[in-house]
Amino acid sequence: MKAAAFSYVKPRSLAETFDLLERHGEGARLLAGGQSLIAALNMRLDTPRVLIDLNGLKELSGIRVDRDSIAIGALTRHRSLELSEDVSQHLPLIHAAMPFVAHAAIRNRGTFGGSIAFADPAAELPACCIALDARFVIRSRAGERRVAAREFFKGLYETDLRPGEVLAGGEFARSGVPYRYSFQELARRHGDYAIVGVAACARIGAGVLSGVRIAFCGMGPTPMLASAAAAALDGRACSRDVIAHAQASLAQDLAPFDDLYQTAATRMHLARVLLGRAIAQLTTDYEY
Amino acid sequence: MKEGGTMPPARGTMQYIGASLPRANALRLLAGRGQYVDDLQLPRLAHAVMVRSPHAHARIVSIAADAARDAPGVLRILTGPDVAQLCRPYVGVLLHVKGMRSAPQLPLALGRARWQGEPVVAVVAESRAQAEDAAQLVEIGWEELPPVTDAETALDPGAPVIHPEFGDNLCFERVVDTGDVDAVFARADHVVEATFVTSRHAPMPLETRGIVADFNPAEKHLTVWQSTQVPYMMQWILAHHFGLPETSVRVIAPDVGGGFGLKIHVFGDEMAAVAASLVLGRPVKFIADRLESFVSDNHARGHRVKMRMAVSREGDILAVDMDDLYGIGPFSGYPRASVNEGLQVVNLAGGPYQQRVYRGRSRAVFQNKPMYGQYRAVGHPVACAITEGTVDLAAAAVGMDPAEFRRRNYIPADRFPYTLVSGPTFEKLSQHEALDRLLAMMDYTGLRREQAELRPRGVHRGIGLASFVENSNSSSATYGQGGVSIAAQDACTIKLTATGGLAVATSLTEMGQGAHAVAMQVAASAAGVPIDRVKVVLGDTDATPYGGGNFGSRGTGIGGEAVFQAARALRANILAFVARLTESEPSLLDVREGNVVDAESGALRMTLEDVARTAYFRTDRVPRDFQPELTVTRSYAQKYYSGVFTNGIQASYLEVDTDTGFVKLLRHWVVDDCGTIVNPLLVDEQIRGAVVQGIGAALFEQCIYSPEGQLLNGSLIDYLVPMAAEMPDIEIGHCVTPTATSELGAKGAGEAGTAGAPAAIMNAINDALKPFGARVTMQPFTPERILRALGKAGAA
């Protein structure tokens with residue numbers, strides 16, 4: 001398993017990165033943590049002409065908490081997210097999801113931006129970003145633009161990124177009101193891609209949920225926002241019937257495939273079970 | 001062979017035998033200072049890469065290799081016909097297995113490829129990367145042929161036939177029938193039955209297969225470094241098939257990162273690398289990468305077994321009726337054949353219990369899937385799962401506790417040696433004792449109480465038992481009598497070094513399991529030398545005496561006995577020498593802690609360093625009519641039974657999430673009887689590792705194929721091996737019934753864990769599912785299969 005020959009370049013600035021992208025076009029790949037890309041190269045599933053190593057771009061790294069938002073740079077390692085006090089305090093959903101992301105050795109290298117830009121529908125972070133209504137910051141020679149996470153994932157491994165663009169990071173609104181959250185996942189072995197995972201958050205007052213946002217991983221070609229299920233819960237007290245209705249609504253929200261070990265129908269069943277568990281966690285007595 | 005007979009005297013107690021010493025070689029391996037085949041760099045080393053068949057069954061219409069030949073760094077392209085000129089074809093049959101057949105096979109496919117992954121072209125280049133680049137340029141024209149993939153339909157009249165000369169796809173069939181089976185079933189109080197499926201899976205050692213072949217044309221000598229368990233077998237094979245004198249072939253097994261039975265077979269890609277070295281006259285390395293390992297390693301365990309058991313209302317097993325079918329690759333494996341699994345299933349179905357009336361059949365069929373062969377605990381996990389699964393059904397049918405049902409049906413302790421109606425003889429088992437010990441260790445009644453208390457809260461836990469037997473210390477009945485040149489014997493040469501240490505050369509092989517440590521402990525104990533003065537050499541046909549190496553749980557039992565005998569003989573020679581020097585009697589002296597001492601008082605007579613100095617440097621002090629022999633060789637082969645069976649029992653305690661079908665393993669217990677234990681630490685870790693492999697079979701491992709014979713999960717992302725986070729604590733206890741066939745008394749310990757674990761897990765899952773009337777019998781027990789059994793899979 002040796003990669004086909006490629007050139008390697010490590011730019012010192014974003015401007016230089018844009019030059020390289022312009023020059024090499026389709027033949028270039030951006031290297032962040034390399035936890036998916038390098039394996040693909042070694043298996044010769046991908047044979048780029050040049051690797052542009054982003055790891056010298058300090059401006060893409062780090063977690064910044066502002067008055068209204070939290071920003072996560074694209075090069076921030078999974079391990080940094082997992083151990084960050086700021087993430088634990090302001091983005092507890094992501095904090096809860098991080099231990100499910102592969103294994104520690106992989107989290108040491110893998111990056112936030114790599115996970116988002118690779119857009120594996122079974123990955124945890126894309127689903128969390130959708131559930132948290134994050135925005136992604138995208139930079140290019142032409143400047144900077146922002147895209148809502150729910151608009152960013154276009155299909156299987158397909159995103160809104162255009163030629164010449166670099167994902168710079170994610171932004172999350174700082175909500176004044178405490179919200180509750182749940183991250184649940186079913187994987188045969190710890191660290192595997194989930195058969196199904198759910199990221200959910202909501203506010204709760206007088207036993208009634210509001211602002212419910214639920215996203216699933218592994219249940220379609222992209223991370224899937226479960227709007228119908230959320231609508232079934234929003235503004236209601238969580239009776240058994242309401243939960244059952246939300247679980248049934250997942251048929252409108254999700255589009256699972258058969259995989260090697262489970263049929264699509266079984267995965268839908270498991271998504272419903274997980275939704276039930278997520279709601280139970282949202283409505284038990286704890287707050288962040 | 002007449003089994004049993006008069007046995008040798010038993011050993012006395014020994015200093016290091018039974019001591020939990022850390023392994024001397026472990027630090028080196030953990031420090032990253034191991035030397036595996038791929039670490040070897042030689043001047044002018046070339047690298048071989050295989051172009052493999054993308055089809056399960058296809059005719060090779062054309063091979064266009066000009067572009068590859070011209071690619072940078074390429075030294076040679078070898079195709080099937082090229083290698084056929086150098087290598088004598090091989091046929092994987094055992095002559096003493098009646099009716100079995102297979103077709104001649106060559107390293108690279110000739111005319112037709114018969115499985116997806118079969119090597120077709122070898123590309124040899126200056127670097128591995130260049131060879132991989134060039135391999136992509138080889139264009140093979142294919143005409144696809146209908147494949148045989150499902151063993152169940154492989155014998156159908158209309159099925160494509162892989163070897164037309166045979167007329168059908170049957171490799172081998174064995175039937176045992178005591179008669180009277182149907183009559184006993186007809187009048188039995190209860191008949192229980194089930195169909196069990198075990199899934200084809202792969203041994204998956206951490207270190208993949210690999211070889212460096214270095215043919216020196218100047219002396220027409222071939223040196224091979226190979227990740228192998230069996231250097232002498234490979235020496236014979238390479239000499240025979242490449243037409244070299246055996247004395248011109250040296251096989252070295254450097255550090256080996258796991259074998260599990262994978263590395264006892266002949267593989268086409270490795271043979272092609274040897275052929276390339278013969279052609280090029282320079283060293284050639286081939287290392288199987290992980291992806292090609294999936295389609296080129298031998299697989300195992302893909303059985304479908306229909307099992308019936310007749311039981312009396314008192315709870316006695318009256319009769320067993322078993323039908324086993326499994327698909328091997330398109331050829332029977334070479335040189336050990338692919339039928340031992342089926343033989344063990346027929347021999348041992350119903351095995352740990354008294355056998356009265358039995359009908360068993362096993363059929364192996366050819367199919368267009370990768371080659372198939374021996375893997376840790378060959379056939380035993382299948383035999384154990386079908387037996388123990390059925391025993392639980394029988395216990396339930398008569399309303400008896402499964403532990404009690406087992407105790408009732410064990411072979412009575414006074415009936416040994418006990419010969420099964422299917423053939424094998426158990427020298428002596430300790431089943432009742434093992435059961436008692438296990439039930440105490442796990443607090444069986446306490447667990448049953450806890451299980452009952454948790455049920456109403458929706459917590460569904462299960463307790464599963466699995467009694468097992470495991471063959472070890474095989475005689476020549478396994479291979480030698482089948483006409484295969486595999487040593488049933490092992491040997492050891494020990495010399496006293498000039499400073500009074502021991503240099504031990506043994507035909508045992510080390511693959512991470514601890515044979516090296518066993519040899520040290522046995523030699524030090526039997527010779528009377530401190531263990532830090534012992535050096536062990538193994539894995540080199542130029543440096544060690546002849547022997548079989550390690551497979552089939554024979555290392556300590558056979559190779560260890562040879563070490564024991566050699567060390568004892570050296571001790572006797574030392575005593576005779578010192579007795580002569582000191583005008584004493586050998587019986588009045590002893591060797592202790594590296595010194596020759598007065599046996600009674602312990603007073604020092606001579607240090608071993610002085611003994612060696614006198615014998616080697618100061619021969620003027622040695623009487624002219626006395627020649628001390630301070631290098632001795634002893635050999636040992638077990639000749640009393642076809643194999644010396646070990647026994648034991650396992651238990652699993654687990655929880656099934658009945659909403660998701662997920663299984664959480666809570667605890668696991670093993671009581672094992674491997675006779676004399678040389679190093680309890682090693683034995684326990686062997687058992688733990690083996691249990692984990694058995695858990696892999698039960699919950700995770702399965703090669704999944706498309707109907708066209710394409711492997712669908714050929715990577716470690718999709719093929720699930722058991723990992724630490726999901727494993728339970730594994731508690732181990734022992735019974736000790738030394739074999740009387742050797743002085744050391746050791747039986748095998750490496751495979752028993754794998755034999756029993758899948759059955760224990762299955763029975764525990766089914767125990768948990770009992771209130772739902774659900775049952776699973778198809779391994780691995782995935783969430784999908786458990787939900788399906790519960791009627792929940794795909795519930796809309």
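None of the values given here were measured: they were computed from a predicted structure. The analysis underlying the following values was restricted to heavy atoms, covering all of them including side chains, and did not include hydrogens, waters or symmetry mates. In what follows, chains carry the letters A, B, and so on, assigned in the order in which the sequence lines appear, proteins first and then strands, with residues in each chain numbered from 1.
Side-chain atoms of E726(B) never come within 3.5 Å of backbone atoms of R189(A) as a donor-acceptor pair (strictly under, hydrogens ignored). Between the side chain of E132(B) and the backbone N or O of A4(A), no donor-acceptor pair lies under 3.5 Å.
At a 4.5 Å heavy-atom cutoff, the contact between Q136(B) and chain A is made by side-chain atoms alone. Heavy atoms closer than 4.5 Å to chain A are found in the side chain of I704(B), but not in its backbone. Only the backbone of L699(B) comes within contact range of chain A, with heavy atoms under 4.5 Å apart. Contacts between R785(B) and chain A at a heavy-atom distance below 4.5 Å are absent for every atom of the residue. Neither the backbone nor the side chain of L274(A) comes within contact range of chain B; no heavy atom of the residue lies under 4.5 Å from a heavy atom of that chain. With a threshold of 4.5 angstrom between heavy atoms, A725(B) approaches chain A through side-chain atoms but not through N, CA, C or O. Only the backbone of A187(A) comes within contact range of chain B, with heavy atoms under 4.5 Å apart.
Interatomic distance, K792(B) NZ to T266(A) OG1, rounded to the nearest 0.5 Å: 12.0 Å. Note that OG of S715(B) is 6.5 Å distant from CE of M43(A), once rounded to the nearest 0.5 Å.
Ranked by non-hydrogen atom pairs under 4.5 Å with chain A, the options L720(B), L712(B), T660(B) are led by L720(B). Comparing D657(B), I287(B), V49(B) by how many heavy-atom pairs each has under 4.5 Å with chain A, the most go to D657(B).
A side-chain donor from one of N713(B) and Y261(A) sits under 3.5 Å from a side-chain acceptor of the other.
Of all non-hydrogen atoms in D659(B) and L270(A), the two that sit nearest each other are O-CD2, 4.2 Å. Nearest heavy-atom pair, D289(B) versus M1(A), reported as atom, atom and distance to 0.1 Å: OD2-CG, 3.2 Å.
When side chains are defined from C-beta on, H190(A) does not count as touching M723(B), because their heavy atoms never get closer than 4.5 Å. The closest side-chain heavy-atom distance from Y193(A) to D718(B) is not below 4.5 Å.
No more than 12 heavy atoms of other residues, nucleotides or ligands sit less than 6.0 Å from atom CD of E139(B). Applying the 6.0 Å contact sphere to CG of D729(B) captures no more than 12 heavy atoms from other residues, nucleotides or ligands. No more than 12 heavy atoms of other residues, nucleotides or ligands shown are found within 6.0 angstrom of CD1 on I717(B). Heavy-atom neighbours of K664(B) NZ from other residues, nucleotides or ligands within 6.0 Å: at or below the threshold of 12.
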Original post:
What do the steps show when you test R44(A) against D133(B) for salt bridge (Lys or Arg N to Asp or Glu O under 4.0 Å), and what is the final call?
Top reply: CA-CA 10 Å; R44(A) 299 197 177 205; D133(B) 287 345; 2.7 Å; yes
